[in-house]
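We count residues from 1, following the sequence as given. For the numbers below, each heavy atom of this structure counts, side chains included, while hydrogens, waters and symmetry mates do not.
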Amino acid sequence: NLGTGRYGGAPFGSGQTSQVVAGGLVGSPTATVNVESYNGTSWSEGNNLGTARGNAASGGTETAGVVACGRNGPSMYGQTEEYNGTSFSENNDCPSAAYRQTGAGTQTALMICGGISPPTFPPYNNTSFEYDGTNWTSGGAMPQRGDYMDGVGVTTAAVVFGAINSPGSSGVACLDYDGSSFSANNNMNVPHNGQHTVAGTVTAALVAGGGAPYAVSATAETYDGTSFTTNAALGQPGQRGGKSGTSTAAIACGGCNPPVASNLVSTEEFTAETTSLNYKTVSSS
């Protein structure tokens, strides 16, 4: 289990033996600066974020991560912090102070999109921004407004899943991004609105959990770049966090499921299907 239960944390890492959860919400909606790292067996506390926040966008690996934007109570932030495996340092702010944006990419090639930035109307955004490790630039507009998605890939080739308040496809949307524009792909089988676990690449991804209300979805789906196939269910449903570089190393950590707990501490690791072959020796006579 995590040492500090939280929902809306900012996860990043390569997989089940290398994962970081930074910040998150521990109240309604009070944020924490707490950071924990996972080595495949247990979580340990690391150096804190500079700015307490939850519902931030994130990406990268355990030794080269990035956390951007987010909120703490009514306050919204554009702050960007980079992680070197030990500590966080602040870099240039994102042009949009918002929260519940998706983050897909690495410390030097991060794309974030959507999110909420009240009191503007409508509060759901369709904007995107790209980060190169130093500066932010505006990206293409989403074809629909929405927040609380998540995705895989980098700034020039990414895919994002789900969205609250996306007309006609709430929670099941799949959008491809090529570095300049978005295009709609086949929808997911079940809604994954709300924070969810993601892993993999643009042609081999896994998305699990989510749901609004919180405990609707425990389903996992795999994505081959075109279509979705239903996979194993999470043991603990709800809005979960977790990011991995490959779909076979997916991890879910923390989250929110009010019937059980508003701040989950549980960690789950995904075991991918394997195929075994039986060989026979054939001889001729």
Is the shortest side-chain heavy-atom distance between [X] and [Y] below 4.5 Å?
| X | Y | answer |
| --- | --- | --- |
| His192 | Phe161 | no |
| Arg145 | Pro123 | no |
| Ser18 | Tyr38 | no |
| Cys174 | Val159 | yes |
| Pro237 | Asn257 | yes |

Between [atom1] on residue [X] and [atom2] on residue [Y], distance to nearest 0.5 Å:
| X | Y | atom1 | atom2 | value |
| --- | --- | --- | --- | --- |
| Gln19 | Ser37 | CD | OG | 9.5 Å |
| Asn48 | Asn34 | CG | CG | 6.0 Å |
| Glu82 | Thr134 | CD | OG1 | 7.0 Å |
| Thr156 | Glu130 | OG1 | CD | 8.5 Å |
| Glu269 | Cys253 | CD | SG | 10.5 Å |
| Glu221 | Ser227 | CD | OG | 10.5 Å |

- Non-neighbouring partners of Asn125 that pass side chain to side chain donor-acceptor pair (under 3.5 Å), sequence neighbours left out: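 Testing Asn125 for side chain to side chain donor-acceptor pair (under 3.5 Å), a comparison that skips the adjacent residues, returns Ser117.
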Tell me, please, which residues at least two apart from Gln79 pass side chain to side chain donor-acceptor pair (under 3.5 Å).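 Applying side chain to side chain donor-acceptor pair (under 3.5 Å) to Gln79 gives none.
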Is there a donor-acceptor pair under 3.5 Å between the side chain of [X] and the backbone N or O of [Y]?
| X | Y | result |
| --- | --- | --- |
| Gln239 | Gly8 | no |
| Gln236 | Ser266 | no |
| Arg53 | Ala31 | no |
| Asn263 | Val26 | yes |
| Arg6 | Gly23 | yes |
| Glu36 | Gly3 | yes |
| Ser128 | Gly140 | yes |
| Asn72 | Ser75 | no |
| Arg240 | Leu264 | no |

Option from Thr80, Asn92, Asp93 for which side chain to side chain donor-acceptor pair (under 3.5 Å) with Trp136 holds |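 So, applying the side chain to side chain donor-acceptor pair (under 3.5 Å) to Trp136 and each of Thr80, Asn92, Asp93, only Thr80 qualifies.
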What are the two closest heavy atoms between [X] and [Y], and how far apart are they?
| X | Y | result |
| --- | --- | --- |
| Ile112 | Ala57 | CG2-CB, 3.5 Å |
| Thr267 | Leu2 | OG1-N, 4.2 Å |
| Thr51 | Val33 | C-CG1, 4.1 Å |
| Phe270 | Ala232 | CE1-CB, 4.4 Å |
| Phe228 | Asn187 | CD1-O, 3.5 Å |
| Thr61 | Phe12 | O-CD1, 3.2 Å |

Check the hydrophobic clustering (I, L, V, M, F, W, Y; side-chain heavy atoms under 4.5 Å; chains of links allowed) and say if [X] and [Y] are grouped together.
| X | Y | value |
| --- | --- | --- |
| Met188 | Val198 | yes |
| Tyr177 | Met149 | yes |
| Leu234 | Val207 | no |
| Leu175 | Met111 | yes |
| Tyr124 | Tyr148 | yes |

* To do: Show your reasoning for whether side-chain contact (heavy atoms from CB on, under 4.5 Å) applies to Thr197 and Glu268.
  => CA-CA 10 Å; Thr197 296; Glu268 297 184 50; over 6 Å; no
Residue pair Asp150 / Gln195, side-chain donor-acceptor N/O under 3.5 Å: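 No, no side-chain donor-acceptor pair sits under 3.5 Å.
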inquiry  = Side chains of Asn47 and Tyr83 only: does a donor on one sit below 3.5 Å from an acceptor on the other?
reply    =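 There is no such pair (donor and acceptor under 3.5 Å, judged by atom type) between the side chains of Asn47 and Tyr83.
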For Thr219 and Thr230: C-alpha separation, side-chain torsions, deciding distance, then whether side-chain contact (heavy atoms from CB on, under 4.5 Å) applies.
CA-CA 7 Å; Thr219 305; Thr230 302; 3.7 Å; yes
**Request:** Could you check Asp178 against Ser180 for side-chain hydrogen bond (donor to acceptor under 3.5 Å, both in side chains), going step by step and ending with a plain yes or no?
**Result:** CA-CA 6 Å; Asp178 63 6; Ser180 59; 3.1 Å; yes
What pairs meet the side chain to side chain donor-acceptor pair (under 3.5 Å) rule with one or both residues in residues 98-111, with sequence neighbours excluded?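 Applying side chain to side chain donor-acceptor pair (under 3.5 Å) to every pair that reaches into residues 98-111, excluding sequence neighbours, yields Arg100-Asp147.
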